[in-house]
Amino acid sequence: MTVRTRFAPSPTGFLHIGGVRTALFNYLFARRNGGEFILRIEDTDRARSTEESIDAIMDGLQWLGLDHDGEPIYQSKRFDIYKEHAEKLIEKGLAYRCWCTPDELQERREAALKAGRAPRYDKRCKAITDGPDKPYAVRFKVPEGKTTFNDLIKGSISIEHEEIEDLVILRSDGTTTYNLCVVVDDATQGITHIIRGDDHINNTPKQILLYRALGYPVPEFAHLPMILGSDKSRLSKRHGATSVTAYRDMGYLPEAVINYLARLGWSCGDQEIFSIAELVEKFTLESVGKSAGVFNPEKLIWLNHHYIKEANIEELKPLFLKHLKELGIDATADERVSTIMQTGQEKAQTMVMMATDALFYFTDTVTYDEKAKKKFLTPEKLTPITMLTERLEALEAFTLEAVEQAFNSVLDECELKLGKLAQPVRVALTGTKISPGIFETITAMGKERTIKRLNNAIATMKETTEKENI
RNA sequence: GUCCCCAUCGUCUAGUCUGGCCAAGGACACCGCCCUUUCACGGCGGCGACCGGGGUUCAAAUCCCCGUGGGGACGCCA
């Protein structure tokens with residue numbers, strides 16, 4: 001039998017980190033086993049489902065490369081099928097009508113909870129054969145006994161049926177509820193392995209009962225542990241960005257996000273770095289851990305940094321340009337971009353940082369950090385900097401080697417250590433004490449701007465000297 | 001309140017099924033040193049955990065029981 005898994009989000013908000021991991025594990029399991037991975041939009045809650053959420057889900061999955069097989073399936077288009085199944089259960093005598101109103105039920109639940117009893121439906125309508133001429137819901141008759149299933153991640157799980165209430169399968173407005181819809185979908189869509197968050201463990205026995213009542217084979221279940229925030233509570237907005245697309249905006253690479261999420265709950269010996277191909281090759285449900293994991297932004301950063309360092313500059317270029325644009329710089333036509341990116345590549349933890357750190361290359365003027373200026377743009381540096389400027393200006397090919405040679409010749413003649421000249425030049429070019437290697441920075445800056453900035457620094461130094469003399 | 005699930009460094013985890021190779025390994029973070037033209041990168045080193053208590057056994061992180069702690073579920077939401 002071909003393996004078939006699904007990711008079944010409800011489009012009631014953005015695609016969050018937890019959802020992405022569920023999607024990833026479904027994807028990996030399907031691909032690993034040469035099966036299919038389908039996307040099902042569970043939009044039966046018409047009040048809360050939105051078009052934007054659907055777009056956000058698709059957008060996020062596409063960004064991460066978690067491509068699904070076939071067209072997405074919308075539950076909202078399958079109401080008739082669900083209803084047929086509900087009617088079948090009524091016909092078979094496996095369900096009954098219930099005239100209790102949601103308000104009444106809510107009241108009873110609260111009362112039960114207050115009294116320390118289980119807030120469970122008391123089956124009072126089960127015996128009623130012909131009730132009032134009012135709208136009614138339909139409940140599934142949960143039989144006596146207990147259900148045990150073997151979860152592929154958690155192992156054997158069993159629940160006594162007394163713990164399960166007779167759940168509503170058909171609302172009084174004629175629509176079917178979640179548990180019936182999923183079962184009907186998973187059964188009719190040939191889903192063989194249901195991989196989802198472990199917050200669904202409690203739904204599983206109900207669903208197994210429905211599969212049996214409907215005469216469908218029961219699929220395999222694998223419940224993934226939850227992802228927790230740093231305070232060990234369920235991951236939410238309080239813990240910072242939880243929408244995947246927010247990570248894209250912050251300059252994270254999809255490879256990093258995938259790698260991080262895969263290793264949150266799954267492992268393969270001591271290995272930390274995995275390409276998606278490698279994950280597909282090595283993924284098994286057996287090596288998924290059972291306990292919940294805390295989302296650790298630092299490790300994600302580390303991975304992102306790793307993937308930026310490994311990346312091919314040209315492939316990163318559009319992203320870099322995009323983030324630069326966000327910062328107000330359009331460098332599309334600037335031929336220095338690749339070289340500039342190289343200078344920032346090993347330091348940048350995110351693409352946003354790479355863009356931010358490169359900002360100084362593109363500005364028209366340099367604003368000096370006062371401390372840096374005072375410490376490094378000092379009178380005694382006037383001579384070497386002037387010499388350097390002249391020599392750089394004389395260069396025909398402004399290559400790294402040529403720049404380095406010119407720089408070193410000045411050092412030799414002035415009997416200066418590299419650092420003594422590098423820092424003032426750095427301040428002249430960037431305005432700050434921090435930048436990539438000085439030769440790389442000069443080369444990437446380009447001849448024209450380098451000369452301009454050096455001259456500017458010379459002028460500033462002269463100004464300062466004059467002031468001091470007065 | 002009831003039920004379900006879980007429990008190794010601060011965090012992600014290896015080891016648990018098949019007890020001895022574990023005076024518990026790796027990674028992130030943190031600290032120190034080295035490299036060095038600044039910030040980083042990198043290299044080396046350090047700090048740091050088997051939740052508690054019983055039991056089984058020659059031997060327990062590993063098996064069993066009881067606590068405790070954390071998470072989840074108890075909707076005419078999904």
Side-chain angles (χ1 to χ4, degrees), chain A residues 8-12 42-45 47-49 75 98 100-103 105-106 109 112-121 135-139 151 153-155 157-160 162-165 167-173 175-179 181-182 197-205 223 225-226 228 230 232-234 260 263-273 286-287 289-303 305 309 344-349 357 372 376 407 417-423 425-427 430 432-439 441:
Chain A
S10 57
T12 52
E42 305 211 327
D43 56 351
T44 52
D45 185 343
R48 292 196 302 150
S49 298
Q75 283 193 329
C98 171
C100 302
T101 67
D103 287 348
L105 293 165
Q106 178 67 22
R109 258 194 302 272
L113 228 33
K114 203 175 268 178
R117 284 179 289 119
R120 207 165 294 134
Y121 179 62
Y136 56 84
V138 173
R139 288 183 183 270
D151 190 278
I153 291 170
K154 307 266 185 179
I157 295 175
S158 49
I159 296 180
E160 300 285 344
E162 290 120 62
E163 301 298 333
I164 310 170
E165 71 173 7
L167 56 142
V168 169
I169 54 173
L170 190 64
R171 299 184 187 96
S172 49
D173 68 357
T175 60
T176 43
T177 60
Y178 169 72
N179 281 109
C181 295
V182 232
D198 70 9
D199 49 340
H200 281 288
I201 286 182
N202 293 280
N203 283 326
T204 308
H223 287 98
M226 301 266 91
L228 274 24
S230 49
K232 300 230 177 184
S233 71
R234 203 177 173 149
Y260 177 71
R263 276 289 287 105
L264 213 196
W266 174 83
S267 61
C268 185
D270 285 337
Q271 190 172 345
E272 295 288 348
I273 306 293
E286 290 76 61
S287 39
K290 294 179 180 185
S291 51
V294 174
F295 184 81
N296 181 202
E298 262 94 40
K299 190 143 182 185
L300 209 208
I301 280 271
W302 174 73
L303 279 163
H305 190 190
K309 282 186 286 183
Q345 189 175 20
E346 62 175 29
K347 185 177 175 181
Q349 295 180 312
D357 286 350
F376 296 110
F407 202 105
K417 288 258 201 181
L418 179 53
K420 293 290 174 196
L421 187 54
Q423 279 305 81
V425 172
R426 200 182 313 278
V427 176
T430 72
T432 72
K433 293 182 277 190
I434 298 164
S435 89
I438 197 64
F439 306 134
T441 306

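Reminder, nothing fancy here: chain letters follow the sequence lines and each chain counts from 1.
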Q: Could you tell me which nucleotide pairs with B:G1 by Watson-Crick or G-U wobble geometry, both distances under 3.5 Å, or answer none if nothing does?
A: B:C74

(Q) I want to verify a distance call: between B:A27, B:C76, B:C12, whose nearest atom is closest to the A:Arg263 side chain? (A) B:C12

Q | Separation of the P atoms in B:C63 and B:C17, to the nearest angstrom | A | 5 Å

Q) If you check every side-chain atom of A:Asp270, which of B:G75, B:C12, B:A14 has the closest atom? A) B:A14

Q: Determine the contact category for A:Glu165: base if any of its heavy atoms lies under 4.0 Å from a base atom, sugar-phosphate if only primed atoms, P, OP1 or OP2 are that close, otherwise nothing.
A: sugar-phosphate

Q: Report the nucleotide, chosen from B:U37, B:A78, B:C28, that has the shortest atom-to-atom distance to any side-chain atom of A:Arg426.
A: B:U37

Q. To the side chain of A:Glu42, which of B:A40, B:U37, B:A78 is closest?
A. B:A78

Q.
Under 3.5 Å for both donor-acceptor distances, Watson-Crick or wobble: does B:A7 have a partner, and if so which one?
A. B:U68

**Q.** B:C39 phosphate, OP1 or OP2, under 4.0 Å from A:Ser435 side-chain N/O
**A.** no

Q: If B:C21 has a Watson-Crick or G-U wobble mate with both distances under 3.5 Å, name it; if not, just say none.
A: none

Q) When you compare B:G52 with B:A27, how far apart are their C1' atoms, in angstrom units rounded to a whole number? A) 29 Å

Q. Taking atom P of B:G71 as reference, at what distance in whole Å does atom CG of A:Asn202 sit?
A. 16 Å

Q.
Tell me if the OH atom of A:Tyr121 is crowded by more than 12 foreign heavy atoms within 6.0 Å.
A. yes

Q: Check every strand shown and say whether A:Thr44 touches a base, only sugar-phosphate, or nothing at a heavy-atom separation below 4.0 Å.
A: sugar-phosphate

Q.
Using atom C1' in both nucleotides, what's the gap between B:U56 and B:G20 to the nearest angstrom?
A. 16 Å

Q) A:Gly293 near the nucleic acid: base, sugar-phosphate alone, or nothing, with a heavy-atom cut-off under 4.0 Å? A) sugar-phosphate

Q | Distance, rounded to the nearest Å, where A:Ile153 contributes CD1 and B:G72 contributes C1' | A | 15 Å

Q: For B:A23 and B:A59, measure between their C1' atoms and round to the nearest Å.
A: 15 Å

Q: For B:G32 versus B:G48, give the span between their C1' atoms, rounded off to a whole number of Å.
A: 15 Å

Q: Determine the Euclidean distance between corresponding C1' atoms of B:C41 and B:C34; express it in Å to zero decimal places.
A: 14 Å

Q: Indicate, with a heavy-atom threshold strictly under 4.0 Å, whether A:Ile438 touches base, sugar-phosphate, or nothing.
A: base

Q) Does A:Lys232 place a side-chain N or O at less than 4.0 Å from the phosphate oxygens OP1/OP2 of B:U11? A) yes

(Q) In whole Å, I'd like the distance from the NE2 atom of A:His305 to the C1' atom of B:C41. (A) 7 Å

Q. Out of B:C5, B:G26, B:A73, which has the shortest distance to the side chain of A:Arg234?
A. B:A73

Q) Under a 4.5 Å cut-off applied to non-hydrogen side-chain atoms, are A:Arg426 and A:Thr432 in contact? A) no

Q: Please give the nucleotide sitting opposite B:C30 as a Watson-Crick or G-U wobble pair, both distances under 3.5 Å, or none.
A: B:G46

Q | Minimum-distance nucleotide (side-chain atoms of A:Leu264 versus B:C5, B:C12, B:C6) | A | B:C12

(Q) I need the CG-P distance between A:Leu167 and B:C76, as an integer number of Å. (A) 9 Å

**Q.** Interatomic spacing from OG1 in A:Thr204 to CG in A:Asp151 - rounded to 0.5 Å
**A.** 7.5 Å

Q.
Looking at B:C77, I'd like to know if its phosphate oxygens (OP1 or OP2) sit under 4.0 Å from a side-chain N or O belonging to A:Arg171.
A. yes

Q | Side chains of A:Ile201 and A:Asn203 in contact at under 4.5 Å (non-hydrogen atoms) | A | no

Q | Min side-chain heavy-atom separation A:Pro11-A:Ser49 under 4.5 Å | A | yes

Q: Go through B:C76, B:G1, B:A40 for me and flag the one nearest to the A:Leu113 side chain.
A: B:G1

Q.
What I want to check is whether an N or O donor and acceptor connect the side chain of A:Lys347 with the base of B:C39 at under 3.5 Å.
A. yes

Q.
Less than 4.0 angstrom between a side-chain N/O of A:Lys309 and OP1 or OP2 of B:A40, yes or no?
A. no

Q. Which nucleotide sits closest to the side chain of A:Ile159: B:C4, B:A73, B:G26?
A. B:C4

Q) What is the distance from NZ of A:Lys299 to P of B:C30, rounded to the nearest Å? A) 14 Å

**Q.** Partners passing ring pair (Phe, Tyr, Trp, His ring centres under 6.0 Å) against A:Tyr178 (at least two apart in sequence or in another chain)
**A.** A:His200

**Q.** Electrostatic pair A:Glu163-A:Arg120, nearest N-O below 4.0 angstrom
**A.** yes

Q. Nearest of B:A27, B:U13, B:G1 to any side-chain atom of A:Pro119?
A. B:G1

Q: Nearest-nucleotide wise, let me know which of A:Asn296 and A:Ser267 is further upstream toward the 5' end of RNA chain B.
A: A:Asn296

**Q.** Length of the line joining A:Phe439:CZ and B:U38:C1', which is rounded to integer Å
**A.** 13 Å

(Q) Need the pair for B:A59. Rule: Watson-Crick or G-U wobble, both distances under 3.5 Å, any strand; none if unpaired. (A) none

Q.
What's the closest nucleotide to the side chain of A:Thr177 if the choices are B:A78, B:G26, B:G71?
A. B:A78

Q: Looking at every strand, decide which applies to A:Pro225 at a 4.0 Å heavy-atom threshold: base, sugar-phosphate, or nothing.
A: nothing

Q. Quick one: CH2 on A:Trp302 to CG on A:Asn296, what's the gap to the nearest 0.5 Å?
A. 11.5 Å

Q) Would you call A:Arg234-A:Asp199 a salt bridge at under 4.0 Å N-O? A) yes

**Q.** Contact under 4.0 Å: A:Arg109 side-chain N or O vs B:U2 OP1/OP2
**A.** no

Q. Can you find a donor-acceptor pair, distance only, under 3.5 Å between A:Glu272 side chain and B:G26 base?
A. yes

Q: Would you please confirm or rule out a distance under 4.0 Å between OP1 or OP2 of B:C76 and any side-chain N or O of A:Arg139?
A: yes

Q: Could you pick out which residue, A:Ala292 or A:Ser233, lies toward the 5' side of RNA chain B when each is mapped onto its nearest nucleotide?
A: A:Ala292

(Q) I'd like the P distance from B:A14 over to B:C6, given in whole Å. (A) 15 Å

**Q.** Pair partner, B:U16 [Watson-Crick or wobble, under 3.5 Å]
**A.** none

Q) Which part of the nucleic acid, if any, lies within reach of A:Lys433 when heavy atoms closer than 4.0 Å are counted: base, sugar-phosphate only, or nothing? A) base

Q: Ignoring backbone atoms, establish whether A:Arg48 has a side-chain N or O less than 4.0 Å from OP1 or OP2 of B:G75.
A: no

Q) How long is the line joining NZ of A:Lys290 and P of B:U13, in whole Å? A) 14 Å

Q.
With a 4.5 Å cut-off on side-chain heavy atoms, are A:Ser10 and A:Asp45 touching?
A. no

Q. Can you check the A:Asn203 CG to B:A73 P distance for me, whole Å?
A. 9 Å

Q: May I ask you to say what A:Gly265 touches in the nucleic acid, namely base, sugar-phosphate or nothing, with a heavy-atom cut-off under 4.0 Å?
A: sugar-phosphate

Q. Taking the chi torsion of B:C41, is it syn (within 90° of 0) or anti (everything else)?
A. syn

Q.
I'd like the P distance from B:G69 over to B:C33, given in whole Å.
A. 43 Å

Q: Could you check whether A:Cys100 gets within reach of a base, just the sugar-phosphate, or nothing at all, counting any heavy atom under 4.0 Å?
A: base

